[in-house]
> 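Questions regarding the structure given below will be posed in turn.
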Amino acid sequence: MYCYMQGRFVQPELTFAEMVEIGRKGLDNNSMPKMQKWLFKKLYPMQLKGLKRWKN
């Protein structure tokens with residue numbers, strides 16, 4: 001929803017590492033329990049790798 005709009009990536013120059021950092025910062029600002037945050041931050045890069053944009 002935030003990454004792809006009107007048939008285009010919103011930030012096409014964004015690297016995988018930058019996307020991981022953005023996602024982790026977003027999780028830091030979330031009010032979920034600490035253990036859940038930790039788990040989501042660990043799994044997030046693996047989830048991203050499954051998306052079409054990041055497949056090599």
Side-chain angles (χ1 to χ4, degrees):
M1 174 171 109
Y2 301 109
C3 300
Y4 196 77
M5 296 174 74
Q6 299 177 349
R8 296 180 193 204
F9 290 113
V10 175
Q11 296 177 298
E13 72 288 344
L14 195 68
T15 67
F16 181 79
E18 291 168 333
M19 186 64 204
V20 169
E21 187 62 27
I22 289 169
R24 287 182 172 165
K25 284 181 183 179
L27 287 168
D28 284 339
N29 294 326
N30 194 300
S31 62
M32 69 179 70
K34 286 183 182 183
M35 185 62 181
Q36 190 175 4
K37 275 187 200 185
W38 177 84
L39 182 60
F40 280 23
K41 287 169 83 171
K42 294 293 180 185
L43 295 176
Y44 185 62
M46 290 181 272
Q47 291 174 322
L48 280 182
K49 287 180 184 179
L51 298 176
K52 186 177 179 181
R53 178 176 183 172
W54 306 112
K55 286 186 180 180
N56 293 336

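For this chain, numbers begin at 1 and follow the sequence in order.
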> Ignoring hydrogens, what is the shortest heavy-atom contact between D28 and K37? Give both atom names and the distance.
O-NZ, 3.1 Å
> Check this for me: Q6, atom CD, are more than 12 non-hydrogen atoms of other residues, nucleotides or ligands nearer than 6.0 Å?
no
> Do any pairs count as a side chain to side chain donor-acceptor pair (under 3.5 Å) and have a residue in residues 14-25, sequence neighbours left out, and if so which ones?
T15-E18
> Linking I/L/V/M/F/W/Y whenever any side-chain heavy atoms sit under 4.5 Å apart, do L43 and W38 land together?
yes
> Same cluster for L27 and I22 if Ile/Leu/Val/Met/Phe/Trp/Tyr side chains link at under 4.5 Å?
no
> Roughly how far, to the nearest 0.5 Å, is CE of M19 from CZ of F9?
10.5 Å
> For residues L48 and W54, report the shortest heavy-atom separation together with the two atoms involved.
O-CD1, 3.3 Å
> Would you give the length of the straight line joining atom CG of L51 to atom SG of C3, rounded to the nearest 0.5 angstrom?
8.0 Å
> Heavy atoms only: give me the nearest F16-K49 pair and the separation to one decimal.
CZ-CG, 3.7 Å
> Applying the 4.5 Å side-chain criterion to the ILVMFWY set and letting contacts propagate, would M32 and Y44 be lumped into a single cluster?
no
